[in-house]
Every structure is written in C-alpha cells, then in structure tokens.
Participant: 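Can you keep this structure in mind? I'll have questions shortly.
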Number of protein chains: 2
Amino acid sequence: MAELANVSVATVSYVLSGRDRPVAAETRKRVLDAARQLGYTPNQAARSLRKRRTQRIGLVLSTLGGVPTDQRLATDLHEMADARGYSVVTLAVYNEARAKAAIDVLRGGIADGALINVVGDHLAHDLLAGLAATGLPMVVLSNDSGVEGCDVVRTPEVAASAEAVEHLLAGGRRRIAFMGHRHEVYRDRPTGRLLGYTTALERHGVAQRIVTAGADDRVTAYQTATDLLSSPERPEAIFAASDRAAISAIWAARDLGLSVPGDVAIVGVGNIDEGLITQPQLSTVGPLRHDYTDVVSLLFDRLQAEEPLPAREIVRSWTLIRRGSS
Amino acid sequence: MAELANVSVATVSYVLSGRDRPVAAETRKRVLDAARQLGYTPNQAARSLRKRRTQRIGLVLSTLGGVPTDQRLATDLHEMADARGYSVVTLAVYNEARAKAAIDVLRGGIADGALINVVGDHLAHDLLAGLAATGLPMVVLSNDSGVEGCDVVRTPEVAASAEAVEHLLAGGRRRIAFMGHRHEVYRDRPTGRLLGYTTALERHGVAQRIVTAGADDRVTAYQTATDLLSSPERPEAIFAASDRAAISAIWAARDLGLSVPGDVAIVGVGNIDEGLITQPQLSTVGPLRHDYTDVVSLLFDRLQAEEPLPAREIVRSWTLIRRGSS
DNA sequence: CTGTTAGCGCGTTCAA
DNA sequence: TTGAACGCGCTAACAG
C-alpha cells in the first residue's frame with residue numbers, strides 16, 4: 001500500500017484517518033488512488049491496539065428476538081452512536097454459557113463501552129462485576145441489587161404490576177390469573193412482575209393465586225390463555241407480563257366467545273403500539289413514551305469523561321394506561 | 001501480569017491459550033492465580049493482529065427488529081459458532097449510511113467471516129462486491145443477481161408468491177389485493193413478492209391490481225387491511241407479504257364482522273408458528289421447516305477450507321401451506 | 001510538507 | 001521446561 005503510492009506508511013495513516021496533519025494535495029491523491037486500487041481498509045485490530053480505543057459500543061441482549069424494548073433501545077443507541085462516530089456490535093446471550101462468552105468478548109476489548117440488557121439470570125452477577133472492575137464504561141438495565149461499578153437503569157415493574165392488579169381488584173375482579181415469563185415464574189421466591197401480582201393480592205386479602213408461565217411467546221400465550229379461560233374456575237381477569245402475551249389472551253378470549261372486559265379483563269405490560277389495534281384496546285402498564293436517549297447518554301457521558309464518573313442510577317417512569325380491555 | 005507470576009510473557013501466553021506446550025504444574029498455577037487476581041483477560045485486538053484470525057463471525061441484519069427469519073438464522077448461527085469456538089457479533093444496518101459503516105467494520109477485520117441478510121436496497125452491490133474482493137468468507141442471503149465472490153442463498157419467493165395468488169384465483173377470487181413491504185412496493189418495477197403477485201394475475205388475465213404497502217409492521221398492516229376491507233370495492237382476497245401482516249389482516253376482517261375465508265381469503269408469507277393460533281388458521285407460503293444449518297454450514301466450510309472454495313448457491317425450498325384462511 | 005522509528009499486547013520461533 | 005526476541009499493522013512523536 002505505502003509502496004504503491006510511493007509514500008511512507010505514516011503518510012498513508014494520516015491521509016486515511018483524516019487527521020489534521022498537512023498533506024500535499026498531490027500526495028493525498030496518490031494515496032487515495034492506491035487505496036482504492038487495492039481495496040485497502042486499515043486493520044481495526046492494529047488501530048485499536050495502538051490507539052487503545054475501538055470506537056465501538058457493545059450492545060448485550062438476551063436474544064436477537066426483537067423484544068419491543070430491545071428494539072427501541074437498539075435504535076436509540078445506533079442513532080446516538082452514529083452521531084458520535086461509534087459503531088455498535090451486538091452480542092446475544094441466549095443462555096448462561098454464552099453469557100460467559102459474551103463477557104469474555106467484552107473483556108477482550110471489543111468495545112469501549114457496553115450497554116447491557118439481559119433479562120433473567122443467565123448473566124451471573126460476578127461476571128458483570130468482573131467486567132465492571134475492568135474499568136469498562138457500562139450501563140446495565142437491571143432491577144437486581146448486586147450490580148455495582150456501573151450505571152444502572154431500573155424499571156419500577158413491581159410497583160407498576162401491583163398497580164395493574166389493584167386496578168383489576170378495584171374493578172371488582174377477585175379471581176385474577178398471572179401469566180408470566182418462565183424466568184420469573186420458575187423461581188423460588190417471586191420477583192419482578194410476579195412479585196407485584198402477589199403483593200397486590202396480599203395487600204387486598206385475596207388468597208387465590210393463579211400463576212402460569214406462557215408470556216414468552218405468542219403461541220404459548222394463546223394456548224395458556226385458552227386453557228385458563230376454558231377451565232371451570234375461569235379467571236375474571238388476566239394480568240400478563242407482556243403486552244404480546246396479553247394480546248394473545250384477548251384473541252383467546254374472543255375465540256372462546258368471551259367478552260373482554262365483560263367476561264374477563266386483561267392487562268399487559270409494556271405499552272406497545274399494537275395494543276391500540278386490538279378490540280378492545282389493551283390496558284397496560286409501561287412507559288408513556290419509548291425513549292432511551294437518557295439511558296444511552298449515560299454511556300456516552302462516561303465515554304467522554306476524562307476521569308471515571310460516579311455510578312448513576314435512572315429509574316424509568318411507568319404508568320398504568322387504562323384502555324378498553326379492563 | 002507476567003511479572004506478578006514471575007514468569008515470561010511467553011509462558012503466560014501458553015498457559016492461558018492452552019496450547020500443548022508442556023508447562024510445569026506449579027508454574028501454571030502461579031500464572032492462573034495471577035490472572036485471576038488481576039482479572040486479566042488477553043487483549044483480543046493484539047491476539048488477532050498476531051494470529052490473523054479473530055475467531056468471530058459477523059452477522060449482518062437489516063434491523064434488530066426480530067423478523068422471524070432473522071431469529072432462526074441467528075440461533076442456528078450462534079449454536080454452530082459456539083460448537084466451533086467462534087463468537088458472533090451482530091451488525092444492524094437500518095439504512096444506507098450505516099450499511100456502509102457496517103461493511104467498513106467488516107473490512108476492518110472484525111470477523112473471520114460474515115453471514116449477511118439485508119432486505120431492500122440499503123446494502124449496495126458494489127459494497128458487497130468490495131467486501132467479497134477482500135477475500136473475506138461470506139454467505140449472502142439475497143435474490144439479486146449481482147452478488148459475486150461469495151456463497152448465495154436464494155429464496156423462491158417470486159414463484160411461491162405466484163403460487164399463492166394462483167391458489168386464490170383457483171378459489172374463484174378475482175379482486176385480489178397485495179399488501180407488501182415498502183421496499184418492494186415503492187420501486188420502479190415489481191420485484192420479489194410483488195412480482196409474483198403481478199405475474200400470477202397477468203398469467204390468468206386478471207387486470208385489476210390493488211397494491212398497498214403496510215406489511216412492515218403489525219399496526220400499519222391492521223390499518224391498511226381495515227382500509228382495504230372497508231372500501232366499496234372490497235377485495236375478495238388479500239395476499240400479504242408477511243405472515244405478521246396477514247395475521248393483522250385476519251384481525252381486521254374479524255373486527256369488521258367479515259368472515260375469513262368466506263368474505264375475504266387471506267394468505268401470508270413465511271410460515272410462522274403464530275399462523276396456527278389464528279381463527280381460522282393462516283394459509284401461507286414458506287419453508288416447511290425453519291432450519292438454517294445448511295446456510296451456516298456454507299460459511300464454516302469456507303472458514304475451514306485450506307484454499308478458497310468455489311462460490312456455491314443454495315435455493316431454499318418453499319411450499320404453499322394451505323390452511324383455513326383461504 | 002514528509003519520512004523514520006518506537007511501541008500498543010500478543011503469539012511464535014529459536015535458543016537455553 | 002522456560003525465556004528472549006521478533007513482528008503482526010497501525011499511530012504518535014520527532015526529525016528532517
């Protein structure tokens with residue numbers, strides 16, 4: 001490359017990286033021509049080895065399955081990264097083994113910072129702590145308590161879920177079923193949305209608990225809801241841990257000839273747009289606006305800061321959005 | 001690190017990379033202890049600079065939006081990569097500008113190979129060609145003709161779409177609407193699923209064309225279908241370019257009090273599981289089994305081959321799956 | 001305006 | 001069984 005343009009490697013570096021060293025127009029042209037001719041692109045591994053920066057952000061997600069939250073988070077991150085000259089590489093965790101692998105990739109220095117949103121317990125706390133100890137700037141979306149050494153974004157899902165269930169109780173429903181994600185339901189003690197459910201019932205002296213899994217995908221949700229709604233002790237309400245599951249429940253009810261909310265009230269979590277096109281429209285708890293720019297800013301603040309910043313915490317704002325289904 | 005364990009850097013390298021050089025048990029222990037104590041992880045940039053391999057695969061997708069196809073592709077890739085000691089980094093393209101950025105990241109050597117599935121025309125052909133010219137092993141899912149220098153996976157969507165529309169014609173429907181993705185509908189000449197639609201109609205001498213966008217997300221699909229079905233010239237059938245859009249159309253029909261398939265027949269594309277829980281079940285064209293292991297194998301064959309392999313081509317197998325909605 | 005040189009952190013030879 | 005020394009491709013500092 002350098003010899004084809006008949007210049008030194010340093011000059012090539014200066015031309016291609018566009019730094020402000022003065023370069024003769026003719027020399028620059030020779031370099032650019034040679035680069036085009038050879039299809040030359042600088043090796044990023046060498047570059048970041050030298051510069052000690054990759055200009056990349058790692059986005060760590062449970063799956064590439066397109067949970068609505070992840071989608072918005074990803075688009076906001078990509079946009080803001082773009083504007084700042086960073087690229088984004090996404091790592092999917094899927095399971096515990098690969099969580100370890102993903103952390104190792106980050107420890108290996110693939111990115112200058114990380115935005116981490118992993119639900120469930122695939123990502124062990126000590127892995128996260130070890131990564132944070134590296135000094136890697138990171139923002140973690142989690143409600144767990146053990147997360148330290150990085151910014152944390154919390155979601156008031158327990159309170160919001162309790163509010164949803166209390167809303168159902170206020171409507172006179174007593175037999176209320178919970179349809180949750182596997183990672184919440186199959187666990188020794190209730191957490192998250194399930195905890196909100198049990199808390200609300202307890203607070204109002206309702207003894208009956210109907211806890212099912214099925215919120216993880218639409219098909220299972222439909223089947224679970226169908227089972228619930230065809231049982232002799234049909235619930236008067238279903239609180240689903242996701243809007244997608246709640247929407248499946250609405251369909252299940254309608255397919256059984258039940259009226260929503262007459263025969264069964266349904267509330268979901270997340271406030272996705274699709275809740276506006278169901279009949280009736282879906283009641284839900286979640287953010288009013290889907291905006292993660294504040295979360296992403298946390299990360300870029302850290303990246304642009306000279307000295308390490310103190311750990312910050314954001315609590316997202318969720319509200320009960322009452323629509324037709326409850 | 002090396003000095004803490006009181007050994008040379010070479011010994012550290014040997015211990016941590018676990019190659020077969022004999023190392024005294026006591027030395028190995030010293031190294032491992034020091035590594036744990038320091039939270040040391042080898043720098044991957046330096047490693048891959050030296051080894052000229054990253055042990056990573058790049059997965060390039062249009063969005064992280066979780067199109068069902070991408071999900072299956074991603075899980076199969078992750079599984080097979082895992083088994084072979086590779087990690088996967090995902091790059092989202094979103095738009096033309098970032099397509100260029102994603103290609104640059106790959107050219108910069110972030111991965112040893114790439115699996116590329118970008119719909120629409122965000123990813124220009126010359127970018128792909130330039131990348132292929134690098135010698136980077138890659139597999140591209142595309143029906144375009146200009147793709148060269150890499151393995152190509154094709155989908156018989158034109159023929160399958162035509163088959164779907166002919167099936168509707170055979171059922172006596174004449175006024176058939178097409179609900180497509182923006183990237184296919186807003187284009188000078190028909191391609192892909194839209195081309196299948198027009199071809200079938202032409203072949204059977206049907207003049208009427210009802211072409212709408214709206215298949216890109218469920219909300220738009222619902223609204224588009226509602227508009228179509230409330231118009232005075234209500235179509236007798238809707239062929240939707242995605243199952244998700246088709247399912248929204250079924251719901252739109254039901255919400256309008258129309259019977260499916262009595263008043264309107266509906267067919268989708270993709271054969272997603274969710275088509276089994278609609279009332280009626282969704283007719284669709286797509287793969288019978290969702291399995292991308294053959295596609296992923298193409299890539300690993302290339303990675304493991306000593307000398308460059310000739311470009312191969314896979315044509316995926318799609319069939320019309322007739323269920324209740326048509 | 002441009003070239004020379006010294007590392008960035010690792011893996012690999014060769015010598016001990 | 002271990003260590004010393006070189007170089008992967010690049011950027012930053014300095015020399016010219």
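All heavy atoms count here, side chains included; hydrogens, waters and symmetry mates do not. A quick note: this is a predicted structure, and the numbers were derived from the prediction, not measured. Here is the naming used below: chain letters follow the sequence lines, and residue numbers restart at 1 for every chain.
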Participant: Whole Å only: how far is the CD atom of A/Gln44 from the P atom of D/dC10?
Facilitator: 9 Å
Participant: Picking from C/dT13, D/dC8, D/dC10, which would you name as closest to the side chain of B/Arg50?
Facilitator: D/dC8
Participant: Atom CG of A/Leu49 and atom P of D/dG7: how far apart are they, to the nearest Å?
Facilitator: 17 Å
Participant: If only atom types and distance count, is the side chain of B/Asp112 paired as donor or acceptor with the main-chain N or O of B/Thr54 below 3.5 Å?
Facilitator: yes
Participant: Once you round it to whole Å, what is the distance between C1' of D/dC10 and CG of B/Asn43?
Facilitator: 14 Å
Participant: For DNA chain D, which residues in residues 100-109 of chain B have a heavy atom at a distance below 4.0 Å?
Facilitator: none
Participant: When you measure from the side chain of B/Thr134 to the backbone N and O of B/Leu136, does any donor-acceptor pair fall under 3.5 Å?
Facilitator: no
Participant: Between C/dG7, C/dG11, D/dG3, which nucleotide gets closest to the side-chain atoms of B/Ala10?
Facilitator: D/dG3
Participant: OH of A/Tyr14 versus C1' of D/dT11: gap in Å, rounded?
Facilitator: 7 Å
Participant: If you only use heavy atoms from C-beta on, which nucleotide in C/dT2, D/dA13, D/dG9 is closest to the side chain of A/Thr11?
Facilitator: C/dT2
Participant: Between C/dC1, D/dG9, C/dG11, which nucleotide has the shortest distance from any of its atoms to the side chain of A/Pro22?
Facilitator: C/dC1
Participant: Output the single nucleotide from D/dC14, D/dG9, C/dT12 whose closest atom is nearest the side chain of A/Arg21.
Facilitator: D/dC14
Participant: Both A/Val12 and B/Val23 contact DNA chain D. Which one's nearest nucleotide lies toward the 5' end?
Facilitator: B/Val23
Participant: Here's a test for you: under side-chain contact (heavy atoms from CB on, under 4.5 Å), which of A/Leu309, A/Val153, A/Val152 qualifies with A/Leu298?
Facilitator: A/Val153
Participant: Closest-nucleotide mapping onto DNA chain D: is A/Pro42 or B/Ala24 further toward the 5' terminus? I mean the 5' end.
Facilitator: B/Ala24
Participant: By ring pair (Phe, Tyr, Trp, His ring centres under 6.0 Å), which residues pair with B/Tyr86, not counting sequence neighbours?
Facilitator: B/Phe300
Participant: Looking at C/dT2, D/dA12, D/dG3, which one has an atom nearest to any side-chain atom of B/Val7?
Facilitator: D/dG3
Participant: Does A/Arg28 make a cation-pi contact with A/Tyr14, if we ask for NZ or CZ under 6.0 Å from the ring centre and within 45° of the axis?
Facilitator: no
Participant: Specify the separation, in whole Å, of atom CZ of A/Arg19 and atom P of D/dC14.
Facilitator: 15 Å
Participant: Could you list by number each residue of residues 26-41 of chain A showing a heavy-atom separation from DNA chain C of less than 4.0 Å, or answer none if no residue does?
Facilitator: A/Thr27
Participant: Counting only side-chain heavy atoms from C-beta out, which of D/dG3, C/dG3, C/dT12 sits nearest to A/Ser8?
Facilitator: C/dG3
Participant: Can you tell me which nucleotide in D/dC10, C/dG11, D/dT1 comes closest to the side chain of B/Arg47?
Facilitator: C/dG11
Participant: Where the side chain of B/Thr155 meets the backbone of B/Glu157, is there a donor-acceptor pair that is under 3.5 Å apart?
Facilitator: no
Participant: Ignoring hydrogens and geometry, is there a side-chain-to-backbone donor-acceptor pair from A/Ser13 to A/Val9 under 3.5 Å?
Facilitator: no
Participant: Quick one: B/Arg53 CZ to D/dG9 P, roughly how many Å, whole number?
Facilitator: 16 Å
Participant: Rounded to whole Å, please give me the gap between CG in B/Leu16 and P in C/dG11.
Facilitator: 8 Å
Participant: Of the options B/Thr75, B/Asn117, B/Thr63, which is the one that meets B/Asp70 in a side-chain hydrogen bond (donor to acceptor under 3.5 Å, both in side chains)?
Facilitator: B/Asn117
Participant: Using atom CD of A/Gln55 as one end and atom C1' of D/dC10 as the other, report the distance to the nearest whole Å.
Facilitator: 15 Å
Participant: Decide, yes or no, whether a salt bridge links A/Glu96 with A/Lys100 under the criterion of side-chain N to carboxylate O below 4.0 Å.
Facilitator: no
